[in-house]
There are 8 protein chains.
Amino acid sequence: MSDAFELDFNRQERLGFPEVIFGASKPLSVLKDILQAYQDKGLNALATKVQADKGQALCQHFEGSLFDQESGIFLLQEPRVASDKHDEVAILSAGTSDAFVVNEAYYTLQFLGCHAERFNDIGIAGIHRLLGKVEQLKRFKVLIVVAGFEGALPTAVGGLLSQPIIAVPASIGYGVSEGGHVALNTMLSTCANGISVVNIDNGYGAAMAAYRILRSLPK
Amino acid sequence: MSDAFELDFNRQERLGFPEVIFGASKPLSVLKDILQAYQDKGLNALATKVQADKGQALCQHFEGSLFDQESGIFLLQEPRVASDKHDEVAILSAGTSDAFVVNEAYYTLQFLGCHAERFNDIGIAGIHRLLGKVEQLKRFKVLIVVAGFEGALPTAVGGLLSQPIIAVPASIGYGVSEGGHVALNTMLSTCANGISVVNIDNGYGAAMAAYRILRSLPK
Amino acid sequence: MSDAFELDFNRQERLGFPEVIFGASKPLSVLKDILQAYQDKGLNALATKVQADKGQALCQHFEGSLFDQESGIFLLQEPRVASDKHDEVAILSAGTSDAFVVNEAYYTLQFLGCHAERFNDIGIAGIHRLLGKVEQLKRFKVLIVVAGFEGALPTAVGGLLSQPIIAVPASIGYGVSEGGHVALNTMLSTCANGISVVNIDNGYGAAMAAYRILRSLPK
Amino acid sequence: MSDAFELDFNRQERLGFPEVIFGASKPLSVLKDILQAYQDKGLNALATKVQADKGQALCQHFEGSLFDQESGIFLLQEPRVASDKHDEVAILSAGTSDAFVVNEAYYTLQFLGCHAERFNDIGIAGIHRLLGKVEQLKRFKVLIVVAGFEGALPTAVGGLLSQPIIAVPASIGYGVSEGGHVALNTMLSTCANGISVVNIDNGYGAAMAAYRILRSLPK
Amino acid sequence: MSDAFELDFNRQERLGFPEVIFGASKPLSVLKDILQAYQDKGLNALATKVQADKGQALCQHFEGSLFDQESGIFLLQEPRVASDKHDEVAILSAGTSDAFVVNEAYYTLQFLGCHAERFNDIGIAGIHRLLGKVEQLKRFKVLIVVAGFEGALPTAVGGLLSQPIIAVPASIGYGVSEGGHVALNTMLSTCANGISVVNIDNGYGAAMAAYRILRSLPK
Amino acid sequence: MSDAFELDFNRQERLGFPEVIFGASKPLSVLKDILQAYQDKGLNALATKVQADKGQALCQHFEGSLFDQESGIFLLQEPRVASDKHDEVAILSAGTSDAFVVNEAYYTLQFLGCHAERFNDIGIAGIHRLLGKVEQLKRFKVLIVVAGFEGALPTAVGGLLSQPIIAVPASIGYGVSEGGHVALNTMLSTCANGISVVNIDNGYGAAMAAYRILRSLPK
Amino acid sequence: MSDAFELDFNRQERLGFPEVIFGASKPLSVLKDILQAYQDKGLNALATKVQADKGQALCQHFEGSLFDQESGIFLLQEPRVASDKHDEVAILSAGTSDAFVVNEAYYTLQFLGCHAERFNDIGIAGIHRLLGKVEQLKRFKVLIVVAGFEGALPTAVGGLLSQPIIAVPASIGYGVSEGGHVALNTMLSTCANGISVVNIDNGYGAAMAAYRILRSLPK
Amino acid sequence: MSDAFELDFNRQERLGFPEVIFGASKPLSVLKDILQAYQDKGLNALATKVQADKGQALCQHFEGSLFDQESGIFLLQEPRVASDKHDEVAILSAGTSDAFVVNEAYYTLQFLGCHAERFNDIGIAGIHRLLGKVEQLKRFKVLIVVAGFEGALPTAVGGLLSQPIIAVPASIGYGVSEGGHVALNTMLSTCANGISVVNIDNGYGAAMAAYRILRSLPK
C-alpha cells in the first residue's frame, strides 16, 4: 500500500522557494512527521493556518521554532532577516482586526529572508491617515494591502502609489460582508489600475507573490 | 370580473407624495391608460424604467410630457422647480457610465419640486477630485452618491462630509461586478458612519428617501 | 516597526461624531488599550458587537461603563440623554427576537445624546397592531424599522407614515431566511417609497444614519 | 430506435387531472404533433409558457383553440366553466405587472372547469386597498396570491384570512429582486401561518394545487 | 418606554387558529413570560424550535406540558386528539434522519386537534416501498411529504396520489445538499402537478397549511 | 509571435480518443481552419455547441459532414457504426425538451463508433413509464440519464438498475430551476448508489465517460 | 402509528449491492437498532459519516466491527478482500488533508470485496510526482481522484490516462474554496475528456460508481 | 449645473501611467468627446470593452487609431513598441476561445510601450504542450496566464516557473463554468505559490499589474 505522504523537496531547486504546509486540516501527528522530515534534511519549513492547540504542541516539540498564535503561522526555525535589507515590502491594513492576515504575510516574508514593515489603521473612512503616509510608502518595492468589510483600501492606495500592489481580502465583517467575499469582490472590481488579488485571508499567498517580484529585482 | 387596475390616488394625501408607476413590465397600452387616469384628475405622474420605444410613444401621445431616454424616466408634465430653491440635494457619481441612475434621481427630485445638482467623475481612484469638491458639497442638505464597479465612493464621501448620505449602487461593471451586486454589498459594508443604501439602479428610491428628509426640514 | 494602532480622534471635529470601535474581532487586550486611549483624553467611546465574556471583563475594568449583553454594546461612560429631548427616533420591530439589533440602535442613539423609544411586536402578520400605533408614531422625527424572517414590516410602515425611514434586517430566521439575507433583500426591493437600508444586524449604522438626519434639523 | 415521445394519457384516470405540456423549450413541430395526438383522442390539452410566435401559429392551426399572449397559455379547446360554479378561487396580485402569472393560473383553472376571479393592484404599500376587500375575499374557497418585488402580499393576506393560501412569486423586479428570487424567499419565510408556495412564475402549479384542494371539497 | 412584548391574542378569533411562538432566538426568561401570559388566559400555546436546555427547563416549570426534544416542539398542555378523528393527515418521509421535521408537523397537528399518522423510510431509491403504500395513503385527506438530500419523494408521490400535497424540505445532507436548499429547489421545480412547498425544516408551517385545508372540509 | 493554434493531435495515440473542438466561442474562420487541419490529416473531427449559422456554413463547406441543429454537434464525416454493435449505451430522458442534450451524447457516441439508443419521455411523475422499460434497459452496458427541472430521473433509475449510470443535468426549467443548477445538485445529492454526474448540458462528456467504460469491457 | 423504520433489505437481490446507512444525522440508539437488524439477518452493513463518539460506541457494542475515525466509516464486520484480487481501483489524492475522503472510498470498496490502493500527495503544483506514477497507474481498472482547494488533479490525470475516472471534490480549503464547491465546479468544468463527478466528500459514492463498473467487467 | 465629465489627466504624472476609458457603458457621443479631449492635449488614449459598432465608428472618426474587434480595445494612436524591447511579458492561454482576453492584455501592453508575446493552446489536458515550452518561457520577466472553463493552467505554470504570474479568468464555458466564476475561484484557490489574480476578462488589469512590475525593474 502506497499511502504515506510524499513531499516536493525539489521545489526549492526548481522554483527557488520551498513547498509550504497547509496546517489547518492535518492532524498533529501528521504535521509532526512532515516537519521532522524537513528537520532531518536540515531545512527550515513553514506551516500556515495551524490551530492554537496544535501550534503550541509543535512549538514545544521543535526547539528553536516560532508559532504566531494570531495568524497560525508555524516556523520550524525562527527566521533571521539580513540586517542590510530594507524597504522591500510594506503591508498596509485598514484596522487592527486584520492583524491575523497581516502577520501571515509578515512571517512568510521573514521566512523567505525579506524585509517587511506593517502599517495598520489606515482605512479610507479617515482618508487623511493614508494621505499622511504616502511619501513614506513610496520607498517600498512592493505593497501588500489587507482589508476586510468593504475592502476599499487597495483602490485608494492604487490611486496614490505606483508600485506593484497585491490586495488581500480579510474575513472580517458581518451581515453581507461576513467571510470576506465582499472585500474580495471589491478588490477584483477596483477602478484603480493594475491591482492583483489573492484568496481571502491568504497573507501567505500575497507574501509569495511579492517574493516572486522581489526575486526579479536587482539586489 | 374585477381585473382592472386600481390606483392609490390618496397616497399624496396620506403621505404627502404620490404613487409612482413602474414602467418596465407594463405594456404600452396599460401605461397609456394609467397615465390618462392621472391626466384626467389634473395630476402630474412619474413612470420609471420605461423602455425607449414605449417612452417615445408616450411622449408623442401626451403633450407637454418629458422622457429622458438615458434613465427611462417619463413625466406627464415637465416639472418646474421653484427658482428660490437651492442646495437641496447633491448627486455625486464615480463616472459618466452611471448617468442613467443619476438622472433617475435627478428627474424624480424635479418631479417632487426639489433642487438637485449633479457632480460626475469623482471616483476614488483619483481621490483629489473629491477632495477638491468638499467645501462646495458642504452646502447641500442631502447627498446621494451613485457608484458601480466596486462602489467605494460613498465610503470616502462619508469620511469627509456629515450630511445624510444615501448610496445607490449602479449595475455598471463586468466579471464579479456585473449587475451591481458588488457595489451594493460594498455600500452595505462601509466603514464610514451612517450611510444608508437603496436597491441597485434605484435612483428613484434615493430621491424619495432624500425627499422624506427634506420634508422634515424647515423651509 | 510601525504596527501599533492609530485612532481617528479628529473624526468628531471633522464630522461631528466620533469614530466607533468594532469589537467582535479584537482581542480583549487590544480593546482595553484602545478604550484606555479614549479615557485618557476624557472622551466617551462606543464599542459594538463585543462578545459577552469580553464585555463583562471591560465592564469590571472601566468604572462607570455600561455593557448591554443582548446587543454587545459597550459604552465607556453610561450616557445621559438631556431631559428636554423627546420624540426624536422611534425604533420599531417585528418581534422580541430582534431585540439585539433594536438595542444596538437604542444605545448608540443614547451615546449620541438622542432620545429614542422602542416599539416591539408589531409584525405585519397581525397588521392591526401597527395600525393602532400610527398616530403615536407620527410624532417621531425619524423611524428605524428592524425585522428578521421575511422583513416586510418596513414596507407596511412606509405605506402609512411619511418620515425618513431606515430599515435594518435582523439575522433571525431559519431555512432560506437564515442569516438575514431575505430580510435585507425584501427591504431593498420594497414597493414603499423612499426607504433606505443598512447592513444586516447593523443597528449601530441605522442609529448613525438617523443622527445625520437629526443634526440637520432645527433644535 | 425508440426516440418518439410517449404521452402519459392515463394520468387523468390515475389522478383525476391530465398531463400538461411545457411549451417553452419544445419546437413548434413537436408541439403540433403532441397536440394533434390529444385532439385525435378527443381530449382538450393545455400547454404553458408558449412563446408568442409559436402560440399564434398553433392558434391558426387548431380551430377553436385559445392563446393568451400575456401568459403564454395555449388551450386546444376554449374552456366553458359551468354557470353554477362560483367563488371557488380568488387570484390576488400586487400590480398589473404580475398579469402574466395571474392569467396562467386563471386559464389553467378554467381548463380544469373551476371558477376563478382576479383581484389586481392590492399591494401592501397601500394596505387600505386590501383591507377594503377582506369581506369579499372571505367568500372564496381557496386564495392564490401573486407578487413580485419583495413579495410581501401573502403575509398580509395570511394575517387577515383563514382559507388555504397558495403564494406565487413573480419574476418582476430589478436589482436584487430581478428574477423573482426575493419574492420567493419572502414567501417561504413568511411569519403568517400556513402559507405554501410554488416556483417563480408558476401560475399553472398554483392552479393545480388549488384544484387538488377543490376536488376534496363537497360539491 | 413601550418595549414590553405584545401578543396577538385575537388571532384565534380572527383566523380560527392561534399565534405561535418562535422559540429559537428568545431567551428562556422571555419564553417563560410569554407562556405564562397564555396560561393566565387559560389558553394552550405552541413554541417551535426550542433548544434542548430551554425546553427541559420549560417542561419542569409548566406542569402538564410536553417537550419533544427531537423537533424542539414545546406544548403548554399535552394535546388530546378527539378519538373519532381519523385519516386526516399522512406525514411521509424518506428516512429516519427527517424525524425532527416530521415530528414538528405531527405535534403541531395534535395541538390543532387533528389526527396525523407518520410513514417513514419510503425514499424513491427503493420505489417499491412507496408503491406498496399507495392504497393505504389514498384514505388520507392531506399529505405532508418531508425529504432531505435531493428531495425527490414529493414528485413520486404527486404522480401516484391526487390529494393536496404539501412538501417540506429537510436540512439533511452534505456537500451541495447541506442546509436543505437542494431539496427545497427540487420540490419547487417538480414535474408533478400541484405540489406546494414550505420553508426548509418548516414542519410547523406544513401542518398549518394542512389545517387551513382541513377546516374547509365538511366534518 | 507564436499566436497560432496548436492542436493536440497525439491525444488519440496517448489516450485512445481524439481531442474535441468547443465550437461555441470560436469564430467561423477559426473553426474552418481547425477542421481543415484535421481533414488534411485524414482524420474525422467533432465540434460541440456550434451555433446554427456557423454549423450550416461548415456543413456547406465540408462535403460529407453532418450538423445536428438541435444539439449543435458538427461532425467532419458522417459516422458509420459497425452493424454488429448493439446494446452498448441507453440514453434516457425525462421529456422531449431534453433532446438537445440527448443528441449531443448520441452523436458523440456514433463518432466514437459506439451503438446508442434513445429512450425519451420517461419522467418520474409518471413512474409506470420507467417501470415498463426496466427489462429492456437491463440489456445495455452503460446508462446515460438526462433530466432538467428537478432532475430526479437518475435517482429512480439507480434504484432499479445496476449498470454504470452517468447523469446529465439539462438547462431546462424556469424560476429556481432555470439554467439546470437544480437538476445538477439533485443528481449530486442522489440517495441512489453510485451515480456520477457531468456538467450541465454536457452530453458530450457523458458520452466520453461511457466510452472510457466501454473500452475497458471485452469486445 | 406506523413510524418505525423500514429497511430496503432486497436491494442486494435487486441491484447486487446493499443499502447503506447515512450515519451523520441519526442518533446512536437508532443506528444501533438498524445495525442490529442487519446482524440478525447475518448481513454485513456499512454506515457512513458516523461521528467519532457514536462510532466508538458502536465499535464497542458490535464485536468484530471496524470504525475508521478519519472518515467516519463503520463496518459491522471487518471486511476480507479475496487475496487474488489486484489492481482494481486506484485512489489518487492531492494531499494528506484529503485522507478522510480517500478512506471513505477505500473502506467502502473493501466492504464490497474490491481491491483498492491509495496514492497520496500527487497534486499538480508539482506535476513531476504525477508524471512519475503514470505507468504504475495504467494497471488499474478504475481511477478515483480526490482533491480539495482548486481540484485540478482530475484534469491532469484525465489528460494522461484513459481508464474510467471518477472525481471526488473534498471540502478542504478556505476563503473561496471553503466547503469544496470550487473543487466540485472545477471537476464539472474540466477540459479533460469523460470525467464524471460525485458530491463533495462523497468517497462512498465514488466507490459505488467504481463498483458498478467493476461488476460489468469480466472476472 | 456641474454635470460634464472631468478627466484625471494628471494620473500619468502622479503614477506614471494614464487613466483609461471603460467603453462598454458609454454612448458613442460621450466616447467621442472624451477621446477628443485627449487628442486635443496630444495624448494617446485607451478605451476597453468597446462594442463593435461603436469601435468601428470611432476608428473612422479618429485617423491613425486602432480597433481590435475581438477584444474591443480602441487606441487613439496605433502604438509603436521600441525595437530593442524583448521578452518582457508572455501571455499564455488554454485555447483560442480566450483570444478576446489575451488581446486586451496584449494591446494594453503595446499602449504602455511594452513587449509582449502570445502563447495559445497550452491547456493542461495536454500537459506536454506546456512542458515543451518551459525553457522558452523562462526568458520572460512576467507571465500573464489566461484560462476559462476550470482555469487550472496557472496552477500548472506556477509549479514549473518562478517569475511573477498574473492569472486572468476568461468568461468561456457553460453550465457551472458559465461567466468565468469557476475559473476565477480556481485561480484564487490555487495550490501553486504566489499567483495573483484579476477580475474575469480583465486582460487590461493584468497588463497594468505587469506594467507596475516592469517599471520597478532596471532597464
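Worth saying up front: this structure is predicted, and the values here are computed from it rather than measured. Just the heavy atoms: all of them, side chains too, but no hydrogens, waters or symmetry mates, feed the values below. Here is how names work: the chains are called A, B, and so on, in the same order as the sequence lines, proteins then strands, and each is numbered from 1.
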Output the option from D:L161, D:I166, D:V20 having the highest count of non-hydrogen pairs under 4.5 Å with chain E.
D:L161
If you count heavy-atom pairs under 4.5 Å with chain D, which of E:S189, E:G159, E:G205 comes out on top?
E:G159
Side-chain heavy-atom pair D:R215, E:S162 within 4.5 angstrom cut-off
yes
Taking the side chain as C-beta and beyond, is there a heavy-atom pair between D:L188 and E:L184 under 4.5 Å?
yes
Just give me the residue among E:G158, E:S196, E:S216, E:A210 that pairs up with chain D most often, heavy atom to heavy atom, under 4.5 Å.
E:S196
Heavy-atom cut-off 4.5 Å, strictly under: side chain, backbone, both or neither for E:F22 against chain D?
neither
Ignoring hydrogens, what is the shortest heavy-atom contact between D:Q163 and E:R212? Give both atom names and the distance.
O-NH1, 2.6 Å
Pair count under 4.5 Å, heavy atoms only, with chain D: among E:A207, E:A209, E:A192, E:P164, highest is E:P164
Under a 4.5 Å cutoff for heavy-atom pairs, which residue among E:I213, E:V197, E:N199 has the most contacts with chain D?
E:V197
Compare every heavy atom of D:I195 with every heavy atom of E:V198, then report the nearest pair and how far apart it is.
CG1-O, 3.8 Å
Under a 3.5 Å threshold, yes or no: a donor from one side chain and an acceptor from the other, between E:N193 and D:Y211?
no
